[in-house]
Amino acid sequence: MAIEKVGVVGCGLMGSGIAQIAAQAGCTVHVREVSEERLNKGLQSIEKSLSKFVEKGTMSASDRDATRSRLHGTTKLEDLKDCDLVVEAIIEQLPEKKELYASLDKICPKHTIFASNTSSLSITEMAFLTARPDRFIGLHFFNPVPLMKLVEVIRTIATDPKVYEEAVAFAAKVGKVPVQTSDRTGFIVNRLLVPYLLDAVRVLEGGVASIEDIDNSMKLGCGYPMGPLTLLDFVGLDTTYYIANIMFDEFKEQRFAPPPLLKRMVLAGWNGRKAGRGFYDYSDASKPRAIQLG
Ligand code: 3HC
């Protein structure tokens, strides 16, 4: 069965990107947010991204219009009732997800596949909150979704192999490169990325180098598009702190333990770009300046 109708729950940073690329790929998409205000904010970010593609000539105006026509915003979960696939991209809190999956289970027909975009919670645990653990997978996209080419497709011990194949085919259909992995906290990317980001904070905290020099080292010495501290600001210090704690809890390995400086910056609310301040100050968004640490 080819996936034609897609539901996306959550129209934040990740959900809006997922809804956008699915609509771009020709799927009919219903994206749901809890309030009109949040929905409009998400739809505006999709509009902005589509405009950028048209401006750059990577998308024609008629493709943009066709994408728009396939994309439907809603605040009603019931509007996702006919979907072949529902991708959940809501807050990373199990109680909220539990409530959502209980409702989706009632609303969606038996054939609907459920996918979570979680970066750190257990796919297995969520699968068994539903009456269809065999039709539950992880689809982990990367920020910014319209640009990043990777999707991790995550299977559990209960996933039906045919469902997994359909999910891999869907990831390719939406223009991404799927990588296949099993349900272990952090999957592939965060398993490797999170210790690297935490180490960058340890290097800073240990007085080895300045914020700019750490970032320039990895950008210019290793060809990374962003230095680790810039990337931490981009992903969100709170998000990384949260993921690191879950990974530490799972593996009990020191390399996943968030360093004290990261914790203190999160306590201060210096959560990165979205907060206007992280390792850099974004008061002038076009010229971020490294902060002075006391
Ligand atoms: N839609 C369309 N176009 C976009 C866009 C979007 N959402 N976001 C940025 N662009 C465009 C910009 O407008 C810009 O266009 P231009 O060339 O005409 O100016 C172009 O993309 C490049 O952007 P920038 O000039 O701002 O900056 P970069 O050249 O550095 O590229 C980047 C931006 C693609 C984000 C690049 O820096 C990059 O790849 N960074 C690393 C991102 C990364 O590692 N993401 C993964 C995070 S981990 C994660 O998501 C997992 C989670 O579980 C934690």
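Throughout, residue positions are numbered sequentially from 1 according to the sequence presented. Because the structure is predicted, anything quoted here is derived from the model rather than measured. First listed ligand is number 1; within each ligand, the first listed atom is number 1.
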Say you draw a straight line from CZ of Phe141 to CG of Leu150; how long is it, rounded to the nearest 0.5 Å?
10.0 Å

Listed partners of Lys81 passing salt bridge (charged side-chain N to carboxylate O under 4.0 Å, His left out), at least two apart:
none

Are any protein N/O atoms closer than 3.5 Å to the N/O atoms of ligand 1? If there are, list each pair with names and the distance to one decimal place.
from, atom 1, to, atom 2, distance (Å)
ligand 1, 1 (N), Ser49, OG, 2.7
ligand 1, 15 (O), Lys56, NZ, 3.2
ligand 1, 17 (O), Lys56, NZ, 3.3
ligand 1, 45 (N), Asn143, O, 2.8
ligand 1, 50 (O), Asn143, N, 3.0
ligand 1, 53 (O), His140, NE2, 2.9
ligand 1, 53 (O), Asn190, ND2, 3.1

So NZ of Lys263 and CG of Leu261: to nearest 0.5 Å the spacing works out to 12.5 Å

Check this for me: does any side-chain nitrogen of one of Lys76 and Glu78 sit under 4.0 Å from a carboxylate oxygen of the other?
no

Testing the 3.5 Å rule here: is there a donor-acceptor pair between the side chains of Thr67 and Gln20?
no

Do the charged groups of Glu4 and Lys173 touch, with an N to O distance under 4.0 Å?
yes

